[in-house]
Amino acid sequence: MTSTRLWRHPLALAPRDLRPWLAARGSLTARLMAHFPEIRVSVLRQGWDQPHGDEIAIMQLPRGGTQVAVREVILASRGTPLVYAHSITARSALARGFHLLGRTGSRPLGALLFADPTIRRSPLAWRCIDARHPLYQSARAAVGPLPPRLWARRSLFHSGRDVLLVTEVFLPALANAS
């Protein structure tokens with residue numbers, strides 16, 4: 001993963017109960033389903049947008065004017081939001097390696113990614129984000145007031161030459177329930 005300097009905060013700085021969630025390599029949705037009843041995926045937005053500044057280098061996108069496919073969801077248990085997830089990929093990837101992304105609907109994206117043995121995942125990267133980060137702002141817009149800082153993780157999924165960036169922001173209910 002290129003340009004992960006900002007996404008390499010020491011995991012030891014994260015709350016102890018949140019560390020296993022941040023470091024888990026498998027499907028976060030499957031892990032949530034094993035720990036919480038009735039996990040639901042609510043699609044907040046799916047369409048085209050500009051990538052965030054810290055996504056451009058990781059995805060190796062040209063600066064300025066590039067549109068990416070964006071999917072934003074909330075994973076919740078019995079109406080309590082646990083994770084805000086933000087995924088992006090290049091337009092060309094929707095016709096090739098990640099063609100199912102546009103038809104995922106309210107199904108968990110992880111179910112598709114981890115079911116395909118040809119898709120490879122990069123190492124995880126994580127960091128603490130605050131109100132200055134656009135993903136914090138999006139999570140707050142979706143769920144309401146949040147503490148000053150949240151922990152998030154991200155990784156790249158590779159399907160041939162196509163890349164999908166998935167970022168998961170861990171909301172207070174998950175940290176408090178761990």
Side-chain angles (χ1 to χ4, degrees), residues 1-4 6-8 21-33 39-62 66-77 81-129 133-143 146 150-171 174:
M1 191 185 291
T2 28
S3 192
T4 58
L6 296 176
W7 280 82
R8 285 292 182 192
W21 291 97
L22 288 163
R25 292 273 312 149
S27 166
L28 178 61
T29 305
R31 186 176 172 92
L32 288 169
M33 288 177 170
I39 293 295
R40 300 275 186 255
V41 177
S42 299
V43 178
L44 301 172
R45 181 168 74 113
Q46 191 159 321
W48 303 100
D49 205 349
Q50 301 290 319
H52 300 307
D54 64 350
E55 295 172 332
I56 292 170
I58 292 169
M59 295 286 291
Q60 299 178 348
L61 298 167
T66 300
Q67 293 265 307
V68 292
V70 176
R71 175 180 159 91
E72 295 177 343
V73 302
I74 292 287
L75 292 97
S77 172
L82 301 170
V83 175
Y84 163 82
H86 172 87
S87 305
I88 68 167
T89 194
R91 183 180 299 268
S92 59
L94 292 181
R96 296 187 308 243
F98 295 107
H99 63 278
L100 293 177
L101 183 66
R103 293 177 286 188
T104 306
S106 62
R107 289 174 296 178
L109 182 57
L112 297 171
L113 296 174
F114 289 97
D116 186 338
T118 66
I119 294 178
R120 300 174 338 272
R121 186 182 202 180
S122 73
L124 292 164
W126 44 83
R127 74 173 283 194
C128 191
I129 61 173
H133 198 282
L135 294 180
Y136 180 100
Q137 295 166 16
S138 294
R140 182 177 55 208
V143 302
L146 292 170
L150 298 171
W151 278 85
R153 72 178 195 174
R154 69 174 26 160
S155 59
L156 291 170
F157 288 86
H158 301 268
S159 178
R161 65 180 189 239
D162 296 316
V163 180
L164 172 74
L165 176 63
V166 176
T167 306
E168 297 150 330
V169 179
F170 295 83
L171 301 173
L174 178 63

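Quick caveat, the model's predicted, so the values are computed rather than measured.
- Between A125 and R8 the shortest heavy-atom distance is CA-NH1, 3.9 Å.
- Atoms CZ and CH2, from R127 and W151 in turn, are 9.5 Å apart once rounded to the nearest 0.5 Å.
- The two atoms that bring S155 and R121 nearest to each other are OG-NE, 2.9 Å, heavy atoms only.
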- Message: Run the side chain to side chain contact (heavy atoms under 4.5 Å, CB included) test on R91 and W48 for me, step by step, so that the C-alpha distance in whole Å, both residues' side-chain angles and the decisive distance to 0.1 Å come before the verdict.
- Response: CA-CA 9 Å; R91 183 180 299 268; W48 303 100; 3.5 Å; yes

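- Residue L82 holds its CG atom at 5.0 Å from CD1 of I39, rounded to the nearest 0.5 Å.
- Atom OG in S138 sits 7.5 Å away from atom NE2 in H86 (nearest 0.5 Å).
- Here the side chain of R153 pairs a donor or acceptor atom with the backbone of A24 at under 3.5 angstrom.
- The shortest heavy-atom contact between T66 and Q50 is O-OE1, 3.1 Å.
- Expressed to the nearest 0.5 Å, how far CZ of R71 lies from CD1 of I88 amounts to 14.5 Å.
- In this structure a side-chain-to-backbone donor-acceptor pair under 3.5 Å is present from T89 to V163.
- More than 12 heavy atoms of other residues, nucleotides or ligands lie within 6.0 Å of CZ in R25, so this atom counts as buried by the packing criterion.
- A heavy-atom distance below 4.5 Å is not found between the side chains of Q46 and V73.
- Taking CD of E72 as the start and OG1 of T167 as the end, the distance is 10.0 Å to the nearest 0.5 Å.
- Listed for the H52 side chain is no donor-acceptor partner under 3.5 Å among the backbone atoms of D54.
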- Derivation and outcome, side chain to side chain contact (heavy atoms under 4.5 Å, CB included), residues R154 and L135: CA-CA 12 Å; R154 69 174 26 160; L135 294 180; 4.0 Å; yes

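- Nearest heavy atom pair, residue I56 against residue P51, reads CG1-CG, 3.7 Å.
- The CG atom of L22 lies 9.0 Å from the CG atom of L124; values are rounded to the nearest 0.5 Å.
- You'll find the side chain of L164 reaches within 4.5 Å of the side chain of S87, heavy atoms only.
- Using a 4.5 Å heavy-atom threshold, the side chains of F170 and V83 count as touching.
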